[in-house]
*Asks:* 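Next up is a structure, given as structure tokens.
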Amino acid sequence: MKKIVLDTYQDVCCAAADIYAAQLKTKPNSVLGLATGSTPIGLYEELARRYEAKEIDFSKARSFNLDEYYPIEKSHQQSYDYFMHDNFFSKVNLSKHDIPNGEAKDAIAECKRYDEEIAAAGGIDLMLLGIGHNGHIGFNEPSVSYSMGTYLTELTESSITANARFFGKNEVQPTRALTMGIGEIFRSRQIVLIISGEGKAPIAKKLLEGVIHTDVPACFLLLHPNTTVFLDKAAASLC
């Protein structure tokens, strides 16, 4: 695992965008793994800026997102489908993108479909990750065992609480999600993990201690042969 500490969140996003630009220059038809949440928004803004400046081209690439609430309608403003279209897909020429279907009637069948689509695409070349306060990546929550492929998972109370601010008082907040498993993430040929803000400093410290904690899913990235962790100074303050 390679650790890079930069001054600001914007610096982190620019550095991560450099990796995406290099990946697409080397392999225009790359398969990209994408993430949602507040962490990647700055990266998506930087990638969109570079696309507008004709510095990067997504036309031959395709993407797969890490996860999606279940059940949830795609039109719901808190669905990750909506998030991705609003923050990224509508701003670049990435026309081939897939997200776990939160509207699927059969969650198990949807997980199987998703894994088959990733395999048919040749696997993920470059995976983007954030990290939860409890160490989750995707919606792989702290546990004693982890799935290889995409699966339906129950969210922990800490994740539900962390995401509650995005839902209205009268809305029913999902307590489950469809997520790529640790195995699917680990098969990615390259991984970029972004950690920003003082609030993530404790989990960043735990991750970068170099010890595999079975209750911190992100720690398995320590075993991956090509993972780069970008941190701003606030997130790295305890490291």
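Everything quoted here is computed from the prediction, not taken from an experiment. Values reported hereafter were calculated over all heavy atoms of this structure, with side chains retained and with hydrogens, waters and symmetry mates removed.
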*Asks:* Just by distance, do the side chain of Glu68 and the backbone of Asp81 share a donor-acceptor pair under 3.5 Å?
*Replies:*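 Between the backbone of Asp81 and the side chain of Glu68 there is a qualifying donor-acceptor contact (under 3.5 Å).
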*Asks:* Does this structure show an ion pair linking Asp106 with Arg113, if we count only N-O contacts that are shorter than 4.0 Å?
*Replies:*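 No, this pair does not count.
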*Asks:* Using the side chain to side chain contact (heavy atoms under 4.5 Å, CB included) rule, pick out the option among Thr39, Ile131, Leu231 that qualifies with Leu193.
*Replies:*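 Exactly one pass, corresponding to Ile131.
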*Asks:* Taking CD in Glu73 as the centre, count heavy atoms belonging to other residues, nucleotides or ligands within less than 6.0 Å. Is the count above 12?
*Replies:*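 No, because the 6.0 Å sphere around CD of Glu73 holds 12 heavy atoms or fewer from other groups.
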*Asks:* Can any side-chain N or O of Ser30 pair as donor or acceptor with the backbone N or O of Leu32 at less than 3.5 Å?
*Replies:*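 No, the answer is negative, given that no donor and acceptor are paired below the 3.5 Å cut-off.
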*Asks:* In Å, rounded to the nearest 0.5 Å, how long is the span from CG of Leu66 to CZ of Phe139?
*Replies:*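 Going from the CG atom of Leu66 to the CZ atom of Phe139 covers 10.0 Å.
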*Asks:* Is the count of non-hydrogen atoms from other residues, nucleotides or ligands lying under 6.0 Å from Glu55 atom CD greater than 12?
*Replies:*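 For Glu55, atom CD is crowded (more than 12 foreign heavy atoms under 6.0 Å).
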*Asks:* Could you pull out the closest heavy-atom pair between Leu94 and Ala61, with the gap in Å?
*Replies:*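 Closest approach of Leu94 to Ala61, heavy atoms only: CD1-O, 3.4 Å.
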*Asks:* Restricting to non-hydrogen atoms, name the atom on Ile41 and the atom on Tyr9 that form the minimum distance, rounded to 0.1 Å.
*Replies:*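 So the two residues come closest at N-OH, 3.7 Å.
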*Asks:* Salt bridge or not between Glu52 and Arg49? Use side-chain N to carboxylate O under 4.0 Å.
*Replies:*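 No, no charged N to carboxylate O under 4.0 Å.
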*Asks:* So, does His213 use its side chain to make a donor-acceptor pair with the main chain of Asp215 at under 3.5 Å?
*Replies:*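 Checked: no pair found.
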*Asks:* Is it the case that the side chain of Tyr70 and the backbone of Ala104 share a donor-acceptor pair, with hydrogens and angles ignored and the cut-off at 3.5 Å?
*Replies:*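 It does hold such a pair.
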*Asks:* Ignoring hydrogens and angles, tell me if any N or O in the side chain of Gln23 forms a donor-acceptor pair with the backbone of Leu126 under 3.5 Å.
*Replies:*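 Checked: no pair found.
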*Asks:* Per the side chain to side chain donor-acceptor pair (under 3.5 Å) rule, which among Asp115, Asp67, Thr179 passes with Thr150?
*Replies:*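 Among Asp115, Asp67, Thr179, the one that satisfies the side chain to side chain donor-acceptor pair (under 3.5 Å) with Thr150 is Asp115.
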*Asks:* Under the salt bridge (Lys or Arg N to Asp or Glu O under 4.0 Å) test, which residues partner Glu184, sequence neighbours left out?
*Replies:*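 So Glu184 forms a salt bridge (Lys or Arg N to Asp or Glu O under 4.0 Å) with Arg187.
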*Asks:* Under the ring pair (Phe, Tyr, Trp, His ring centres under 6.0 Å) definition, can you give me all pairs with a residue in residues 96-122, not counting sequence neighbours?
*Replies:*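 Listed by first then second residue: Phe64-Tyr114, His85-His97, Phe89-His97.
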*Asks:* Ignoring hydrogens and angles, tell me if any N or O in the side chain of Asp232 forms a donor-acceptor pair with the backbone of Gly197 under 3.5 Å.
*Replies:*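 Here the side-chain-to-backbone pair exists.
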*Asks:* Suppose we call two aromatic rings close when their centres sit under 6.0 Å apart. Are Tyr69 and Tyr80 close by that rule?
*Replies:*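 Ring-ring flag for Tyr69/Tyr80: true, centres closer than 6.0 Å.
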*Asks:* What do you reckon, are the aromatic ring centroids of His76 and Tyr82 less than 6.0 Å apart?
*Replies:*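 Aromatic pair excluded; centres sit 6.0 Å or further apart.
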*Asks:* Are the aromatic rings of Phe58 and Tyr20 close, with centres under 6.0 Å apart?
*Replies:*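 No.
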*Asks:* Report yes or no: does Arg189 contribute a side-chain atom to a donor-acceptor pair with the main-chain N or O of Gly123 at less than 3.5 Å?
*Replies:*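 Present.
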*Asks:* Is the backbone N or O of Ala22 less than 3.5 Å from a side-chain atom of Thr26, with the two atoms forming a donor-acceptor pair by type?
*Replies:*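 Such a contact is found between Thr26 side chain and Ala22 backbone.
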*Asks:* Tell me, yes or no, whether the heavy-atom count around Lys27 atom NZ, taken from other residues, nucleotides or ligands under 6.0 Å, exceeds 12.
*Replies:*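 Correct, the count exceeds 12.
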*Asks:* Check Ala235 against Cys239 and note the closest heavy-atom contact, atom names and distance.
*Replies:*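 Minimum heavy-atom contact is O-SG, 4.4 Å.
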*Asks:* State yes or no: are the ring centers of Phe88 and Phe83 separated by less than 6.0 Å?
*Replies:*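 Distance test on ring centres: not under 6.0 Å, no.
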*Asks:* Using every non-hydrogen atom in the two residues, find where Ala17 and Leu43 come nearest and quote the distance to one decimal.
*Replies:*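 Answer, listing the atom of Ala17 first, then Leu43: N-CD1, 3.5 Å.
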*Asks:* Within this structure, what is the CG-CE distance for the pair Leu34 and Met84, rounded to the nearest 0.5 Å?
*Replies:*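 Interatomic distance, Leu34 CG to Met84 CE, rounded to 0.5 Å: 4.5 Å.
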*Asks:* Quick one: do Ile118 and Val31 satisfy side chain to side chain contact (heavy atoms under 4.5 Å, CB included)? Show the steps, please.
*Replies:* CA-CA 9 Å; Ile118 294 172; Val31 179; 5.8 Å; no
*Asks:* At their closest point, which heavy atom of Leu152 faces which heavy atom of Ala107, and how far apart are they?
*Replies:*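 So the minimum-distance heavy-atom pair works out to CD2-CB, 4.0 Å.
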*Asks:* Do Leu207 and Met127 belong together in a cluster built from hydrophobic side chains that touch within less than 4.5 Å?
*Replies:*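 Both belong to a single hydrophobic cluster.
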*Asks:* Against Val192, only a single residue in Val229, Leu128, Thr227 fulfils side chain to side chain contact (heavy atoms under 4.5 Å, CB included); can you say which?
*Replies:*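 Of the listed options, the one satisfying the test is Leu128.
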*Asks:* Taking the side chain from Ser143 and the backbone from Tyr146, do they hold a donor-acceptor pair closer than 3.5 Å?
*Replies:*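 Answer holds: no.
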*Asks:* How close do Cys13 and Glu46 get, heavy atom to heavy atom, and via which atoms?
*Replies:*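 The pair with the smallest heavy-atom distance is O-CG, 4.3 Å.
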*Asks:* Whether the side chain of Ser188 engages the backbone of Gln190 through a donor-acceptor N/O pair (distance < 3.5 Å, no angle test) should be reported.
*Replies:*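 A pair under 3.5 Å: no.
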